[in-house]
Structures are given as C-alpha cells and as structure tokens.
Amino acid sequence: MQLINKNIFFLLAALIVASFSSCDEDTFSQVVEVEIPDHQSSIVLNGIWSTQDSTLELLVTTSLSILDTEAFTIPQAAEINLFTNGSLLGSLNYDEDIAQYSLM
C-alpha cells in the first residue's frame with residue numbers, strides 16, 4: 001500500500017510541475033529585429049532561348065526589394081543588343097502584345 005501511495009504522490013507531483021511549466025505561445029518563438037538595407041533598383045533580364053525555334057524572348061524588368069508590395073515595371077524604351085563572340089547578332093524589339101522583348 002505504501003508503494004501505491006508513493007506512485008500516486010510522484011504522479012501528482014509530476015502533473016503539478018508539468019502544469020506550472022506548460023508551454024505558452026512565447027516558449028518556442030523568438031523575435032529578432034533585422035535591419036534591411038535600402039534597395040537600389042537595377043535592371044533584371046530573364047530570357048528563354050529554345051533550341052526548338054529561332055525566337056528569343058526576353059523579359060526586362062526593374063528589381064524590387066524583398067519588402068516591396070508593388071508590381072515590377074517593364075521599361076519599354078530599353079535598347080537590347082545580343083552579341084556572340086564580340087559581333088552583333090541582333091537587336092531585340094519590344095512587343096506590346098506579350099510585354100517582352102523579342103529577337104525577330
């Protein structure tokens with residue numbers, strides 16, 4: 001009988017300790033302040049050239065900061081020239097229908 005009383009005592013003690021040390025929402029989280037530097041926008045080129053056809057489509061945009069919520073802009077007055085081994089292969093023209101530059 002004394003063994004049962006000891007087991008019940010330890011069980012109750014464990015439950016009391018567990019209830020006082022229960023997990024709240026701040027137990028497993030940490031707030032870290034990170035200072036993000038100012039973003040300097042630059043030109044971004046994203047192009048796909050398939051060996052299946054002879055067209056090259058290039059998306060030209062301006063970069064955004066990681067915190068920006070606005071849409072990126074497409075500069076329509078960019079001058080894009082494609083070179084191979086130092087010689088001009090062609091110029092890309094803006095196609096308003098697909099909002100991209102294409103080599104035609």
Side-chain angles (χ1 to χ4, degrees):
M1 193 71 177
Q2 192 174 19
L3 181 63
I4 294 174
N5 287 339
K6 277 186 177 180
N7 288 340
I8 292 174
F9 173 75
F10 286 122
L11 179 64
L12 287 175
L15 286 174
I16 291 171
V17 169
S19 68
F20 283 117
S21 64
S22 64
C23 303
D24 60 358
E25 63 185 44
D26 292 332
T27 302
F28 297 107
S29 67
Q30 181 177 8
V31 177
V32 177
E33 295 289 329
V34 177
E35 188 167 327
I36 298 175
D38 291 336
H39 175 70
Q40 299 294 327
S41 186
S42 59
I43 300 293
V44 177
L45 301 175
N46 184 9
I48 299 175
W49 194 335
S50 174
T51 57
Q52 304 288 317
D53 56 26
S54 61
T55 60
L56 169 67
E57 293 178 352
L58 194 69
L59 178 63
V60 180
T61 61
T62 54
S63 64
L64 298 174
S65 169
I66 193 170
L67 298 177
D68 281 339
T69 57
E70 63 189 50
F72 58 85
T73 58
I74 300 174
Q76 297 179 11
E79 181 179 325
I80 302 173
N81 296 315
L82 183 63
F83 290 88
T84 180
N85 296 327
S87 61
L88 181 64
L89 184 64
S91 296
L92 282 84
N93 300 316
Y94 184 73
D95 185 351
E96 291 183 15
D97 295 332
I98 59 174
Q100 292 181 351
Y101 288 83
S102 298
L103 179 64
M104 298 181 191

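Keep in mind that this is a model prediction, so the values were computed, not measured.
- Rounding to the nearest 0.5 Å gives a distance of 5.0 Å between CG of L15 and CG of L11.
- Under a 4.5 Å side-chain heavy-atom criterion applied to ILVMFWY residues, the cluster that includes F83 comprises L88 as well.
- Remark: T61 engages no residue in a side-chain hydrogen bond (donor to acceptor under 3.5 Å, both in side chains) (not counting sequence neighbours).
- Between D95 and Q100 there is no side-chain heavy-atom pair separated by less than 4.5 Å.
- With 3.5 Å as the limit, one finds a donor-acceptor pair spanning the side chains of N81 and S91.
- When side chains are defined from C-beta on, P75 counts as touching V60, because their heavy atoms get closer than 4.5 Å.
- Inter-residue side-chain proximity for L67 and I36 is flagged as met; some heavy-atom pair is nearer than 4.5 Å.
- In this structure the side chain of Y94 reaches within 4.5 angstrom of the side chain of I74, judged on heavy atoms.
- Considering only heavy atoms from C-beta on, V32 comes within 4.5 Å of V34 through its side chain.
- Atoms NE2 and CD1, on H39 and I66 in that order, are 11.0 Å from each other to the nearest 0.5 Å.
- Here the closest heavy-atom approach between residue S41 and residue S63 is recorded as OG-O, 3.1 Å.
- Cluster membership for V44 and L82, using ILVMFWY side-chain heavy atoms within less than 4.5 angstrom, is not shared.
- Taking CG from L64 and OG1 from T73, the interatomic distance works out to 7.5 Å, rounded to the nearest 0.5 Å.
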